Protein chains: 2
Amino acid sequence: MKVTIYDVAKEAKVSIATVSNVINKKGRIGEKTRRRVYDAMEKLNYEPNVLASALMGKQTKTIGLLIPDLANPFFSELARSIEDRGHELGYSIVICSTDYQEEKENKYISLLKQKRVDGFIFASGFEKQSRLEELMQEDIPIAIVARDYPNFAVNAVALDDYMGGYLAADYLIKLGHKKIGIVALDVYSNRERIRGFKDAMSEHGLKFIHDIELIEDIKQSHLDAGRNVAKKYLQYDDKPTALFACNDLLAIGAIQAARRSGLYVPNDISIVGFDNTSIASIVDPPLTTMSQPIQLMGREVMDLIISIFKGERDDHVRVTLAPTLVERDSTRTI
Amino acid sequence: MKVTIYDVAKEAKVSIATVSNVINKKGRIGEKTRRRVYDAMEKLNYEPNVLASALMGKQTKTIGLLIPDLANPFFSELARSIEDRGHELGYSIVICSTDYQEEKENKYISLLKQKRVDGFIFASGFEKQSRLEELMQEDIPIAIVARDYPNFAVNAVALDDYMGGYLAADYLIKLGHKKIGIVALDVYSNRERIRGFKDAMSEHGLKFIHDIELIEDIKQSHLDAGRNVAKKYLQYDDKPTALFACNDLLAIGAIQAARRSGLYVPNDISIVGFDNTSIASIVDPPLTTMSQPIQLMGREVMDLIISIFKGERDDHVRVTLAPTLVERDSTRTI
DNA sequence: TTGAAAGCGGTACCAG
DNA sequence: CTGGTACCGCTTTCAA
């Protein structure tokens, strides 16, 4: 059978209270007693039962992470960085993919609550605000990552989307582009990016020559979506010389569309992506893209939620990270 | 405070034992009592505490999954399919990335044991056999996926690697290729694939015209590795007309190497990959590749480990899945 | 059919 | 410094 604290106590000829104390380094304990207990634990190969101690009010050292889809490279890389930081700090991560479905999200939240996770990290892209408020009311620590809630006081680490759009535009304009198109999903963060993009253009006295059509069905294949939107742009007589896509997959779709219309990237048209996921450097041509500091984001949310555990903050923080441009070969001066 | 079974009992004016019974659908319970209990649970918004019931010997409904790297698309897709099947069956998955390091593997195993996971799924690529044996001796259910242990009795679901190699060769030979090179890591499964490949060639009276150099450093960038190996092949006077790469990243590296030598894929050289990860269809040209049934593999291991929980097997099974060729545009007849 | 009570493996308070 | 003991929230006999 499993060896318990009682077995250790018996072996070390002390009480279970003492064993518990040496494990948790609490109270004053004699050096020789401590040694005896450690030896006993060693000898019996004792593994403390986290469940039992969690029952007594201690942490489960487990955090729930809700993301839209673990198979999506952006989220798997983010999950990896959260996992890494979590493990450094002694926490395990249980990951749930919601597929943007409220139903799944509710189910997983309830499941993880039953398992008494210490807190939740949301990167889901869905998260009904009311659901988050419920959790906060129950005093369950939550943190948001890679997703911003305007006008809602939560702990969050997010990218400065406005700045991302601004920088992308600035770059393209410096390259000499004046006619630029946008390929983007209809979600909050993309609208922010576009706002930044537009502002940068205005500062240079430029504006969009075509209407921007946001992609509304965010569940469809981004590759296809990117292809379709780009295709439309390429059919104009007055076609753009550059395209700004709000994620890498969209950008790759745009590259494919260009190629199918007999256009070469970057010679005939420049394309910049967003995210800098691992595929950006793999495709041909390697993608110029706005890089999200995924590693850092993961690390920051983890640190954020832990600081909540420790009660170091009862106010709400919003950590905003800056994107940087990674220049590869899908763009050139005009 | 959290609502417990006592609160429910009080609200429903029954004992906690009765509440427990209705939750677990055990014992005979009067219809009206059952209703009262359900109503009380509903009213109080009761969430059973999984920890407490696990402490009493029930399952934690949590499974540990050890993989080399969650940021690697193959493993994140696999993890996703395991997660999906797990959730269907009421299990949560906690994922740990080992980076092929024994040290991390040990740490995570120990951590998850303390948290009393119901079992382990290994896709780690490291897994010291002795460590697995230890777990089995402690009667902790384990299952292996996407990794085969010859001569070791464990429950496993794996790909028929030999067949994968055989089919790839067969395909290339039917396309008219006679001079073929291999780009592969020095791991067990790849050696199996090569064995199958070689056998298929023999059957057609063919053999390798160059020595096969396996990539020994499996932690380096597969893209770089693929590029380097391919480059060597392309420097021969008598260069191959086709390359078989043992994973997609390697194949993409090979495509890049070809392009840098001024060769076009598939016109000048055909390249087939392995795995059929999502990037295979994204790159240019879309990759012809041996597809691993990742969805199915995830589903199968999950079902396998659950059948162990249920005690439906004390013997060991090895489920072997067949790969299939997905033909895209990186290959052509010669 | 329902309830009382003894654990499961720890923690923490209070005596000694 | 160390030990006794009352819980934590739930499951499981065993009686009633």
Side-chain angles (χ1 to χ4, degrees), chain A residues 1-41 44-62 111-118 138-139, chain B residues 1-41 44-62 110-118 138:
Chain A
M1 247 325 272
K2 292 258 52 153
V3 14
T4 76
I5 200 173
Y6 288 91
D7 303 318
V8 177
K10 192 177 297 176
E11 176 73 26
K13 300 186 197 315
V14 293
S15 76
I16 60 164
T18 302
V19 177
S20 177
N21 279 336
V22 355
I23 292 173
N24 299 296
K25 306 187 196 311
K26 296 197 357 179
R28 320 239 113 267
I29 292 186
E31 186 49 42
K32 11 187 54 165
T33 317
R34 183 203 311 285
R35 279 241 59 76
R36 280 220 313 287
V37 172
Y38 274 129
D39 288 347
M41 281 168 42
L44 299 177
N45 217 293
Y46 170 69
E47 308 237 22
N49 186 330
V50 175
L51 302 184
S53 65
L55 231 203
M56 281 301 296
K58 294 204 129 189
Q59 292 200 3
T60 52
K61 293 285 180 178
T62 303
L111 184 65
L112 295 179
K113 273 170 64 181
Q114 292 178 197
K115 296 191 177 170
R116 299 301 187 266
V117 294
D118 296 329
E138 297 179 59
D139 255 322
Chain B
M1 248 323 276
K2 290 259 52 153
V3 15
T4 75
I5 199 173
Y6 287 93
D7 303 319
V8 177
K10 191 177 297 176
E11 176 72 26
K13 301 187 197 312
V14 295
S15 76
I16 59 165
T18 302
V19 177
S20 175
N21 279 336
V22 355
I23 291 173
N24 299 298
K25 306 185 195 310
K26 299 198 1 180
R28 322 239 112 263
I29 294 187
E31 185 50 41
K32 10 186 54 167
T33 317
R34 182 202 312 284
R35 278 241 60 78
R36 281 218 314 286
V37 172
Y38 275 128
D39 288 347
M41 283 171 39
L44 300 177
N45 216 293
Y46 170 69
E47 309 236 21
N49 186 328
V50 175
L51 302 185
S53 64
L55 194 51
M56 280 301 298
K58 294 202 129 189
Q59 291 199 5
T60 53
K61 293 284 181 182
T62 302
S110 161
L111 184 66
L112 295 179
K113 273 169 65 180
Q114 291 179 198
K115 296 192 177 169
R116 300 301 187 266
V117 295
D118 296 330
E138 297 177 59

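On a predicted model such as this, the values are computed, not experimentally measured, just so you know. Each chain gets a letter, A, B and so on, in the order the sequences are listed, and its residues count up from 1.
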Just by modelled atom types, is the A:Arg116 backbone N or O under 3.5 Å from a matching donor or acceptor in the A:Thr60 side chain?
yes
Among D:dG9, D:dC8, D:dG3, find the nucleotide with the atom closest to the side chain of A:Met56.
D:dC8
How is A:Asn21 classified with respect to the nucleic acid when contacts are heavy atoms under 4.0 Å: base, sugar-phosphate, or nothing?
nothing
Between C:dG10, D:dC10, D:dT12, which nucleotide gets closest to the side-chain atoms of A:Tyr46?
C:dG10
Nearest to side-chain heavy atoms of B:Asn49, which nucleotide of C:dT11, C:dA4, D:dC10
D:dC10
Pick base, sugar-phosphate or nothing for B:Gly57, based on heavy-atom distances below 4.0 Å to the nucleic acid.
nothing
For A:Ile16, report the nucleic acid contact type (base, sugar-phosphate, nothing); a contact means any heavy atom under 4.0 Å.
base
For atom CD1 of B:Ile29 and atom P of C:dG3, their distance in whole Å
10 Å
Toward the 5' end of DNA chain D, by each residue's nearest nucleotide, A:Glu31 or A:Tyr6
A:Glu31
Would you mind reading off the bend of the helix from C:dT1-D:dA16 to C:dG16-D:dC1 from its two end axes, five pairs each, to 10 degrees?
40°
To the nearest angstrom, the CG-C1' distance between B:Leu51 and D:dC10 comes to 11 Å
Over all atoms of both residues, closest heavy-atom pair of A:Val3 and A:Leu44:
CG1-O, 3.4 Å
Whole-Å distance, B:Gln114 CD to C:dG9 P, equals 15 Å
Which nucleotide, C:dG10, D:dC10, D:dT11, lies nearest any side-chain atom of B:Thr4?
D:dC10
In terms of side-chain heavy atoms of A:Val14, which of D:dG9, D:dT5, D:dG3 is nearest?
D:dG3
What's the verdict on side-chain contact (heavy atoms from CB on, under 4.5 Å) for A:Leu55 and B:Asn49, showing C-alpha distance, side-chain angles and the deciding distance?
CA-CA 9 Å; A:Leu55 231 203; B:Asn49 186 328; 4.2 Å; yes
Whole-Å gap separating P (D:dC8) and CD (A:Gln59)
20 Å
Between atom NZ in B:Lys61 and atom C1' in D:dC10, what is the gap in whole Å?
16 Å
Indicate the atoms forming the closest heavy-atom contact of B:Arg36 with B:Lys13, along with that distance.
NH2-O, 3.6 Å
Distance below 4.0 Å between B:Ser20 side-chain N/O and D:dC10 OP1 or OP2
no
Tell me whether the OP1 or OP2 atom of C:dT11 has a side-chain N or O from A:Asn24 closer than 4.0 Å.
yes
Between B:Thr33 and C:dT1, does any side-chain N or O lie under 4.0 Å from OP1 or OP2?
no
Under 4.0 Å between a side-chain N/O of B:Ser15 and OP1 or OP2 of C:dG3, yes or no?
yes
Heavy-atom closest pair, residues B:Gln59 and B:Ala54:
O-CB, 4.0 Å
Out of D:dT12, D:dC8, C:dG10, which nucleotide sits closest to the side chain of B:Ala17?
D:dT12
With a 4.0 Å limit, can you tell me whether A:Thr18 has a side-chain N or O closer than that to the phosphate oxygens OP1/OP2 of D:dG3?
yes
A:Lys58 NZ to C:dT11 P, straight-line distance once rounded to whole Å:
6 Å
A:Arg34 CZ to D:dC1 P, straight-line distance once rounded to whole Å
10 Å
Euclidean distance, atom CD1 of residue B:Ile23 to atom P of D:dT12 [Å, nearest integer]:
12 Å
Whether the side chain of A:Lys115 engages the backbone of B:Lys61 through a donor-acceptor N/O pair (distance < 3.5 Å, no angle test) should be reported.
yes
From A:Tyr6 atom OH to A:Tyr46 atom OH, the distance as rounded to the nearest 0.5 Å
10.5 Å
Within a reach of under 6.0 Å around NZ of B:Lys113, are more than 12 heavy atoms found that belong to other residues, nucleotides or ligands?
yes
